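Here is how names work: the chains are called A, B, and so on, in the same order as the sequence lines, proteins then strands, and each is numbered from 1. A quick note: this is a predicted structure, and the numbers were derived from the prediction, not measured.
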There are 2 protein chains.
Amino acid sequence: MPTRRGDLFDPVCPTRLLLDRIGGKWTSMLVKTLADDGGEVRFAELQRRARGVSRKMLTQTLRDLEHDGLVARRVEATVPPAVHYSLTPLGHSLVGPLDALRDWAETNMPVVDRNRRRRLRR
Amino acid sequence: MPTRRGDLFDPVCPTRLLLDRIGGKWTSMLVKTLADDGGEVRFAELQRRARGVSRKMLTQTLRDLEHDGLVARRVEATVPPAVHYSLTPLGHSLVGPLDALRDWAETNMPVVDRNRRRRLRR
DNA sequence: CGGCATCCCCCACGATACTG
DNA sequence: CAGTATCGTGGGGGATGCCG
């Protein structure tokens, strides 16, 4: 078996791959948006809810999620086209673990002064 | 209350801050190493266990973890110095949620062919 | 031994413009 | 409406060297 369970030190270990995904700037909020809705959400609606995301990053993030089987994409061939996104069952199964992280963060993450963005740096 | 629970769309929401941390290349494996050990681990030992980490990134990651109260640093003022790292209680409390993520990843993360590193890119 | 300082590279991400 | 194409940039992260 190529992937030993728990071997975070393997550069291609599943945990690292997952963290690469949900570590993306928009991934977690998109998953949460789709999870909260429960059904299908259109592209423009997603962009409206994820305040600040560019169309490029929205597309790219959704493509990655789709590639990993977390998100389903359905196209209505109308003019203009309507594209609907939703969580797959696999996607829904990730919501639990993600919520656990979120709960931990909201309870324990120290409140940061807005001036030092990101790291402390210097 | 400044941080609304569940507002992933707030740029400084706790979840995003947490993901910035554990999204780091070495963070999760360091936390896991310290968690598995249970006690104190020396700098050189950490570097040995986290195969591939440079001293610079090891120091930087540990500093960030320390800053967030997840890791404790203890210096023995001998020559040469001996520095010991361990998880704080707060750090230990993160292990559960992190393990949940890890379990999900190992069960559900699609096996990736080693050729396409990171995204699909093109 | 542990850890800054420095230099450099690369890629995630943003802004903008064009298209079916 | 829902994308692609292109360009530019910030900062995460690697390599190396010096230092107390």
- Query: CD of B:Q47 versus P of C:dC4: gap in Å, rounded?
  - Reply: 14 Å
- Message: Heavy-atom nearest nucleotide on DNA chain C for B:L62 versus A:M57: which residue maps closer to 5'?
- Response: B:L62
- Please tell me which of the listed nucleotides, D:dC7, C:dG2, D:dC1, lies nearest to the side chain of A:R42? D:dC1
Each nucleotide N or O in nucleotides 17-20 of chain D that has a protein N or O under 3.5 Å away: list the pair and distance.
none

- Task: Return each pair, listed once, that meets salt bridge (Lys or Arg N to Asp or Glu O under 4.0 Å) where at least one residue sits in residues 86-95 of chain B; pairs must be two or more places apart or across chains.
- Result: none
- Message: By the salt bridge (Lys or Arg N to Asp or Glu O under 4.0 Å) test, which pairs, at least two apart or in different chains, include something from residues 81-94 of chain B?
- Response: none
- Message: Restricting to salt bridge (charged side-chain N to carboxylate O under 4.0 Å, His left out), what partner residues turn up for A:E45, sequence neighbours left out?
- Response: A:R48, A:R49
- Query: Is any side-chain N or O of A:K56 under 3.5 Å from a base N or O of C:dG14, one able to act as donor and the other as acceptor?
  - Reply: yes
- Query: OP1 or OP2 of D:dC1 less than 4.0 angstrom from a side-chain nitrogen or oxygen of A:Y85, does that happen here?
  - Reply: no
- In whole angstrom, what separates A:E76's CD from D:dC1's C1'? 12 Å
- Hey, could you give me each pair passing salt bridge (Lys or Arg N to Asp or Glu O under 4.0 Å) that has a residue in residues 84-101 of chain A? Not counting sequence neighbours. A:D99-A:R102
- Does any N or O in the side chain of A:T88 come within less than 3.5 Å of the main-chain N or O of A:L70, such that one atom is a donor and the other an acceptor? yes
- Check side chain to side chain donor-acceptor pair (under 3.5 Å) between B:H92 and all other residues, then give those that pass, not counting sequence neighbours. none
